[in-house]
Colleague: 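To start, I am sharing the structure in question, which I have written as C-alpha cells.
A quick note: this is a predicted structure, and the numbers were derived from the prediction, not measured.
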Amino acid sequence: QVQLVESGGGLVQAGDSLRLSCAASGGTFNSYNMGWFRQAPGKEREFVAAVSRWSGSFTYYADSVKGRFTISRDNAKNTVYLQMNSLKPEDTAVYCCAADKGGSSGNWYSPWHYDYWGQGTQVTVSS
C-alpha cells in the first residue's frame, strides 16, 4: 500500500551539502507526519528531523543536526526533503524516511511512532 522511496544519498566530503528526497505513494501524503531517521553501523537508529502533516507548520530536529539540516515537504509532489548542509563525518549513516499516518499516541522522536518506512539511502561523509 504505502511506499516510501528515498533518493539523493551519496559520497561527499566534510562541509559539503546533500539533499535527500523521499517520495511517497499509495496513501494520502499530506495527512502524514513525516520523519527522517538515520542509523550507522553498530548504533541505534537515531531521530534526525520531522515535519508535521498538512502545511508542515511544525518542524523538529535532533540537537546534532539543528542549524545544519532542514526538513520540508511538497504535498503536490508527495515528497519530503532533507537538506543537509555542513556535513560532518559523524553524519555518515543510512538515512530512512518514515510516515506517521496519525491518530495514534506517541512521540515523533521515536521510530515506534511511525507506520511506514522507506528502504534507506546511504550517506557517506569523508573527512
Side-chain angles (χ1 to χ4, degrees):
Q1 41 182 198
V2 176
Q3 295 187 36
L4 305 175
V5 180
E6 303 94 336
S7 62
L11 174 63
V12 298
Q13 296 183 4
D16 285 352
S17 296
L18 210 56
R19 187 179 182 88
L20 305 183
S21 299
C22 174
S25 62
T28 307
F29 175 78
N30 60 359
S31 70
Y32 299 159
N33 301 301
M34 300 295 298
W36 285 96
F37 291 78
R38 66 188 183 186
Q39 187 169 22
K43 294 185 178 295
E44 293 289 328
R45 184 163 44 186
E46 176 188 27
F47 171 79
V48 177
V51 61
S52 60
R53 61 183 178 176
W54 311 121
S55 63
S57 298
F58 299 92
T59 57
Y60 306 88
Y61 298 94
D63 289 341
S64 59
V65 307
K66 191 173 184 179
R68 298 188 298 121
F69 291 9
T70 302
I71 188 171
S72 62
R73 66 190 303 151
D74 186 339
N75 292 333
K77 298 184 181 297
N78 288 352
T79 300
V80 63
Y81 303 97
L82 185 67
Q83 178 66 45
M84 310 164 69
N85 297 329
S86 302
L87 284 163
K88 304 175 180 179
E90 51 262 45
D91 295 318
T92 296
V94 174
Y95 284 71
C96 295
C97 67
D100 163 33
K101 63 182 180 182
S104 62
S105 61
N107 191 331
W108 285 3
Y109 308 108
S110 171
W112 305 110
H113 183 70
Y114 295 85
D115 300 288
Y116 308 105
W117 291 84
Q119 60 187 340
T121 185
Q122 176 70 47
V123 173
T124 302
V125 184
S126 63
S127 61

Colleague: Consider only side-chain heavy atoms of I, L, V, M, F, W and Y, link residues closer than 4.5 Å, and tell whether F69 and V12 are in one cluster.
Modeller: yes
Colleague: State, to 0.1 Å, how close N85 and S17 come at their nearest heavy-atom pair, and which atoms those are.
Modeller: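 Heavy atoms of N85 and S17 come nearest at OD1-OG, 2.9 Å.
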Colleague: Give the cluster check for V2 versus V51: same hydrophobic cluster or not, with ILVMFWY residues linked at side-chain heavy-atom distances below 4.5 Å.
Modeller: yes
Colleague: So, is the end of the R73 side chain (NZ or CZ) under 6.0 Å from the ring centre of F29 and within 45° of the ring's axis?
Modeller: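 Geometry flag: set, cation within 6.0 Å and 45°.
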Colleague: To the nearest 0.5 Å, tell me how far S86 OG sits from D16 CG.
Modeller: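 CG of D16 is found 9.5 Å from OG of S86.
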Colleague: Evaluate the side-chain proximity of P111 to Q39: yes if any heavy-atom separation is below 4.5 Å, no if none is.
Modeller: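 Not in contact.
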Colleague: Find the distance between CG (D100) and OG (S110) and round it off to the nearest 0.5 Å.
Modeller: 11.0 Å
Colleague: What heavy-atom pair brings M34 and I71 nearest, and what distance separates the two atoms?
Modeller: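 The pair with the smallest heavy-atom distance is O-CD1, 4.0 Å.
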Colleague: Can you name the one residue among Y109, F47, W108 that meets ring-ring contact (aromatic ring centres under 6.0 Å, His included) with F37?
Modeller: F47
Colleague: What pair of heavy atoms forms the shortest contact from G35 to Y114, and how long is it?
Modeller: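 In terms of heavy atoms, the two residues are closest at N-CE2, 3.8 Å.
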Colleague: Ignoring hydrogens, what is the shortest heavy-atom contact between C96 and G120? Give both atom names and the distance.
Modeller: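 Minimum heavy-atom contact is SG-CA, 3.6 Å.
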Colleague: When you measure from the side chain of N33 to the backbone of R53, do you find a donor-acceptor pair of N or O atoms at a distance under 3.5 Å?
Modeller: yes
Colleague: Report yes or no: does S52 contribute a side-chain atom to a donor-acceptor pair with the main-chain N or O of S57 at less than 3.5 Å?
Modeller: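 Yes, the answer is positive, given that a donor and an acceptor are paired below the 3.5 Å cut-off.
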Colleague: If you compare all heavy atoms of W36 against all heavy atoms of S21, which two are closest, and at what distance to 0.1 Å?
Modeller: CH2-O, 3.8 Å
Colleague: Keeping N107 on the side-chain end and H113 on the backbone end, is there a donor-acceptor pair under 3.5 Å?
Modeller: no
Colleague: Compare every heavy atom of V94 with every heavy atom of Q122, then report the nearest pair and how far apart it is.
Modeller: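 Smallest heavy-atom distance, with atoms named: OE1-CG2, 3.2 Å.
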Colleague: Under 4.5 Å between side-chain heavy atoms, counting indirect links through other Ile/Leu/Val/Met/Phe/Trp/Tyr residues: same cluster for Y61 and V80 or not?
Modeller: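 Per the 4.5 Å side-chain linkage, Y61 and V80 are co-clustered.
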Colleague: As an exercise, state the distance from CG of L87 to CD of Q13, rounded to the nearest 0.5 Å.
Modeller: 11.5 Å
Colleague: Spell out, as yes or no, whether a donor-acceptor pair under 3.5 Å connects the side chain of Q119 to the backbone of E6.
Modeller: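 The answer is no, because no donor-acceptor pair under 3.5 Å joins these two groups.
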Colleague: Are Y95 and Y81 in one and the same hydrophobic cluster, where Ile, Leu, Val, Met, Phe, Trp and Tyr link if side-chain heavy atoms are under 4.5 Å apart?
Modeller: no
